[in-house]
Amino acid sequence: MKVPISLNGQPRELPAPWHIADLVADLGFTGKRVAVEVNGEIVPKSRYGSTCLAVDDRVEVVIAVGGG
Amino acid sequence: MGKIEAHVAAPLDTPFTMGGETFRSRLLVGTGKYRDFAQTRDAIEASGAQIVTVAIRRTNIGQDPDQPSLLDVLDPQRYTILPNTAGCYSAFEAVRTLRLARELLDGHNLVKLEVLGSQATLFPNMPETLMAAKQLVADGFRVMVYCSDDPVQARMLEDIGCVAIMPLASLIGSGMGILNPWNLRIIIDEAQVPVIVDAGVGTASDAAIAMELGCDGVLMNTAIAMAGDPVRMAAAMGQAVSAGRNAFLAGRMARKPYQASASSPTEGLID
């Protein structure tokens with residue numbers, strides 16, 4: 001079964017079940033400084049392993065970049 | 001005969017305290033527009049800045065995770081990382097961005113709020129800025145706020161509880177310098193919290209002028225990053241902020257228009 005979500009504004013299909021930790025790992029950011037929001041709510045790092053992504057979730061994964 | 005060596009140290013500055021933290025440097029720098037991370041790191045090092053701004057953006061899907069990230073180069077243990085809301089045009093977007101930033105920085109809550117109102121001029125949208133400031137202060141953030149140089153709105157931001165008022169000196173990234181020192185003076189004279197000129201500095205003398213006006217600090221990015229030699233300009237900016245601060249503390253001589261006054265003795269001239 002595939003789970004369609006929106007990742008950073010782009011459509012994406014995930015295998016099920018996928019936790020946020022799986023997504024962060026897939027992006028290559030495990031252990032790095034990111035922040036994750038699902039449907040407008042921040043998900044704390046401590047819950048990456050226990051939060052499952054569901055159909056039509058809107059997921060944002062952000063990092064710090066150069067800026068003034 | 002030996003020379004008499006002078007060892008008079010510059011008198012100490014008063015501490016620069018903002019949001020309950022004390023800083024040594026009054027220069028705050030951005031991290032955008034540099035050639036690469038090595039240049040970013042070297043310029044920031046040369047500037048002596050302790051507070052360093054960053055932007056928050058979506059990860060580029062498919063980017064090489066082995067590449068270093070900005071925060072690998074700028075250790076948050078060493079620098080105070082100041083996340084900004086650059087590119088946000090509403091209070092909603094700005095608050096959302098800074099909540100993500102706080103999570104990303106393990107609860108660090110000193111932030112730079114900017115809500116823009118014009119893509120052409122990057123002037124702030126002040127009603128949205130005031131609204132966002134209220135929400136962020138209520139949510140426990142320590143808010144440093146980019147704003148217009150309107151003294152009344154600056155006071156409103158202070159009344160909301162912002163920890164620093166950061167009026168523009170001229171347009172972001174324009175390097176046009178300190179265009180309205182008169183307004184800045186009013187804001188500085190009235191504010192009980194630090195006033196930091198944010199945006200518009202083009203070269204070292206601009207930074208010195210801002211500090212001579214009595215600003216508590218200067219925040220800049222483009223003036224360093226787009227200089228011919230960013231690392232050297234970063235050092236110049238650190239010196240200019242320091243020189244301007246000392247000149248402000250010293251107090252300049254009175255202006256005496258059209259009244260020349262010789263510094264050398266007028267007697268004992270050789271006939």
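Within every chain, numbering begins at 1; the chains are lettered A, B, ... in the order of the sequence lines, protein sequences first and strands thereafter.
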Heavy-atom nearest pair, A:G66 first then B:A55, reads O-CB, 4.1 Å
Cut-off 4.5 Å, heavy atoms of chain A, and the answer for B:L71 is side chain
Between A:I63 and the options B:V54, B:T59, B:I56, the side-chain contact (heavy atoms from CB on, under 4.5 Å) test singles out B:T59
Exercise. In terms of heavy-atom contacts, does NZ of A:K45 have more than 12 from other residues, nucleotides or ligands at under 6.0 Å?
Worked result: yes
CD (B:E103) and CD1 (A:I42) are apart, to the nearest 0.5 Å, by 6.0 Å
Heaviest contributor of heavy-atom pairs below 4.5 Å to chain A, chosen from B:T222, B:V29, B:D106, is B:D106
Honestly, the part of A:E60 sitting under 4.5 Å from a heavy atom of chain B is side chain
Most heavy-atom pairs under 4.5 Å with chain B, out of A:T30, A:D26, A:V34, belong to A:V34
Under 4.5 Å to a heavy atom of chain A? For B:L74 that would be neither
Taking CZ in B:F123 as the centre, count heavy atoms belonging to other residues, nucleotides or ligands within less than 6.0 Å. Is the count above 12?
no
Pair count under 4.5 Å, heavy atoms only, with chain A: among B:N84, B:V52, B:L219, highest is B:N84
| message | For B:D72, is there an ion pair with A:R33 - N to carboxylate O distance below 4.0 angstrom? | response | no
Counting heavy-atom pairs under 4.5 Å with chain A, the top scorer among B:T53, B:T97, B:T40, B:L100 is B:L100
Point to revise | Backbone N/O of A:N8 and side chain of B:R58: donor-acceptor pair under 3.5 Å | key: yes
Bottom line for B:K33: the part with an atom under 4.5 Å from chain A's heavy atoms is neither
Of the listed B:I172, B:L104, B:L105, the one with the largest count of heavy-atom pairs under 4.5 Å with chain A is B:L104
For the CZ atom on B:F92, are there more than 12 heavy atoms of other groups (residues, nucleotides or ligands in this structure) within a distance under 6.0 Å? no
